[in-house]
Number of protein chains: 2
Amino acid sequence: MDHLSSNAPKGAGANALTCKLQQFTRLSLADRAALERVVAERRRTFLGREDISREGDKPTKIYVMLNGWACRYKFLEDGRRQIVAFFLPGDLCDLNIFILRQMDHSIGALTDVTVAEIGRDSFERLIDDHPRITQALWWEALVTIAIQREWTVNLGQRDALERIAHLLCELYVRLWSAGLATDGHCAFPVTQSDLADATGLSKVHVNRTLQELRQEGLIRLANRQLTILDLDRLKRLAVFDPNYLHLDREGAHLDANNE
Amino acid sequence: MDHLSSNAPKGAGANALTCKLQQFTRLSLADRAALERVVAERRRTFLGREDISREGDKPTKIYVMLNGWACRYKFLEDGRRQIVAFFLPGDLCDLNIFILRQMDHSIGALTDVTVAEIGRDSFERLIDDHPRITQALWWEALVTIAIQREWTVNLGQRDALERIAHLLCELYVRLWSAGLATDGHCAFPVTQSDLADATGLSKVHVNRTLQELRQEGLIRLANRQLTILDLDRLKRLAVFDPNYLHLDREGAHLDANNE
DNA sequence: CGCGGCGGTTAATCTGTGTTATTCACGCGC
DNA sequence: GCGCGTGAATAACACAGATTAACCGCCGCG
């Protein structure tokens with residue numbers, strides 16, 4: 001087991017999706033079983049750095065991330081690259097993607113990755129039979145858009161320090177909500193070069209900025225493991241308002257129990 | 001009629017939505033009639049600079065822009081403001097917005113604006129009865145997301161000149177596809193200050209950059225009217241690839257005729 | 001009629017971040 | 001064991017774009 005696959009903690013598995021959707025709405029046993037079934041139907045694995053889907057491809061499947069990290073990215077013709085989103089376990093790509101004739105961006109694996117491929121038919125059966133899942137999936141999609149908007153704000157308004165701090169906050173909270181982080185600690189398999197492509201900074205400056213966060217006693221980051229030492233202070237520094245992640249489920253915040 | 005309302009050309013009206021959706025799919029007479037009906041049900045107008053909906057509000061309606069320009073924006077706590085999207089006639093805000101408990105951003109009118117408010121029920125009736133409209137609306141939503149991603153790329157990778165050029169290209173093409181631009185000419189009611197908030201540049205630098213575009217003979221911009229003098233060159237400068245707007249309707253590109 | 005505010009323009013100065021380059025540590029394949 | 005590629009860490013220097021400030025024209029308003 002190399003350093004890449006070790007970035008995907010146990011306990012993730014098919015549950016990451018279920019776990020995340022339950023942040024929004026209660027799911028019945030039947031709902032959860034249906035999710036597990038659909039997700040188990042057809043799996044694929046990709047190696048780190050491999051493309052999961054490429055700009056120009058005709059989209060035919062919905063992918064659900066089960067394990068590992070990936071990213072959406074776009075190249076400009078002259079080679080510049082922008083990462084526009086990170087995929088974490090439990091995330092899934094645009095529900096309606098097959099409406100479009102071709103992908104306008106690529107999806108690349110950052111670590112070794114396992115995905116579930118869901119065909120159009122299975123997907124339609126799932127949402128026809130399980131209204132709560134449907135609702136939860138739409139919520140997931142809206143959060144994805146909200147995140148994209150927040151990235152626009154991040155790149156447009158925040159300076160380097162705030163920018164990286166904000167990204168760390170977001171990823172930490174998202175991992176936490178998928179059950180993949182505790183006590184300020186999580187896997188973090190993103191290289192400084194990837195961070196540069198995601199934040200629109202040079203990798204040299206990403207390095208400088210990470211040093212600063214370390215020296216401020218805000219984070220520890222080494223060996224693809226991140227520890228946030230003072231989340232509150234990091235949030236304040238980043239002007240991070242978790243609102244846009246819409247994680248607030250009415251009343252039932254903590255009970256991931258059976259219905 | 002003041003200079004604000006003059007920015008919304010005639011011929012827009014309820015048709016802007018229909019016109020745009022037909023870029024993607026053929027709509028039958030019945031489809032189009034249904035669209036007109038829903039859009040005529042309940043209208044509201046807003047003055048320039050007025051907020052159409054505010055961060056924190058509970059979303060209950062879907063808005064369709066009929067006339068005028070608006071924008072989505074977010075404030076950071078310390079007052080910095082980022083415009084994350086422009087709304088043009090024919091655009092509509094997130095279809096599923098009522099799934100969320102509160103808005104995570106605001107929508108503000110840039111000019112005087114007319115919108116159609118569509119309630120949940122009317123909307124559900126519309127999509128139940130008109131599968132082609134449903135498909136076209138999803139397509140519209142996917143394009144909105146794709147635009148948001150492209151803005152991320154724009155802010156992350158392009159320098160000031162490319163950035164503004166890119167935004168001008170996007171807005172021109174979108175207006176054109178809504179039937180609101182011809183021969184390189186369109187209304188452009190966005191102040192330099194708004195442009196600054198949208199591109200993440202200072203307004204001084206926006207001014208300098210617009211000068212440069214003018215001196216290069218690429219655009220004419222005055223009195224809230226934009227003329228693009230050399231679209232091809234502007235696109236090349238901006239590294240603009242219209243792919244992400246997904247405007248390609250199979251075969252039938254130009255026939256807006258009856259079915 | 002004069003005043004104030006907004007949008008646009010220009011200039012001088014400062015700074016955050018990019019660029020280029022070098023070095024080090026580590027793991028991998030041969 | 002050696003060479004190589006990749007990720008990380010620093011340093012010196014350059015520059016795109018921010019900041020601040022002043023000024024103009026226009027329009028609406030008292």
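Below, chain A is the first sequence line, B the second, and so on; all start at residue 1.
- As a whole-Å value, the separation of D194(A) CG from dT6(D) P is 13 Å.
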Output a table of nitrogen or oxygen pairs between the protein and nucleotides 10-12 of chain C separated by less than 3.5 Å.
| unit_1 | atom_1 | unit_2 | atom_2 | d |
| --- | --- | --- | --- | --- |
| dT10(C) | OP2 | Q211(B) | NE2 | 3.0 |

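- In this structure, CG of L155(A) is placed 12 Å from P of dG18(C), rounded to the nearest angstrom.
- Residue L210(A) is classed as having no contact, given no heavy-atom separation below 4.0 Å to the nucleic acid.
- Using a 4.5 Å heavy-atom threshold, the side chains of L226(A) and R220(A) count as separate.
- Distances shown here put a side-chain N or O of R214(A) below 4.0 Å from the OP1 or OP2 atom of dA9(D).
- Protein atom CD of Q192(B) is 5 Å distant from nucleotide atom C1' of dG8(C), rounded to whole Å.
- In this structure, Y63(A) and F46(A) have perpendicular ring planes: the angle between them is above 60°, well past the 30° mark.
- In this structure, CG of N223(A) is placed 10 Å from P of dA9(D), rounded to the nearest angstrom.
- Counting only heavy atoms from C-beta outward, the side chains of D91(A) and R174(A) approach each other to under 4.5 Å.
- Between V113(B) and N67(B), every side-chain heavy-atom pair lies at or beyond the 4.5 Å cut-off.
- With Y73(B) as the aromatic partner, R81(B) meets the cation-pi criteria of under 6.0 angstrom to the ring centre and within 45 degrees of the ring axis.
- Counting to the nearest Å, the P atom of dG16(C) and the CD1 atom of I164(A) are 15 Å from each other.
- One interatomic measurement links the two molecules: CG of D197(A) to C1' of dG7(D), which rounds to 14 Å at whole-angstrom precision.
- Of all heavy-atom pairs spanning L155(A) and T199(A), the tightest one is CD2-O, 3.0 Å.
- Side chain of T191(B), nearest nucleotide from dA8(D), dA9(D), dG8(C): dG8(C).
- Distance R224(B) CZ to dC27(D) C1': 12 Å, rounded to the nearest Å.
- When distances are taken from the side chain of D159(A) to each of dG17(D), dT17(C), dT9(C), the shortest belongs to dT17(C).
- The shortest distance between the side-chain N/O atoms of R80(A) and the OP1/OP2 oxygens of dG18(C) is not below 4.0 Å.
- What separates NE2 of H205(B) from P of dT17(C) is a distance of 15 Å, to the nearest Å.
- The two residues V173(B) and L247(B) come nearest to each other via the heavy atoms CG1-CD1, 3.5 Å.
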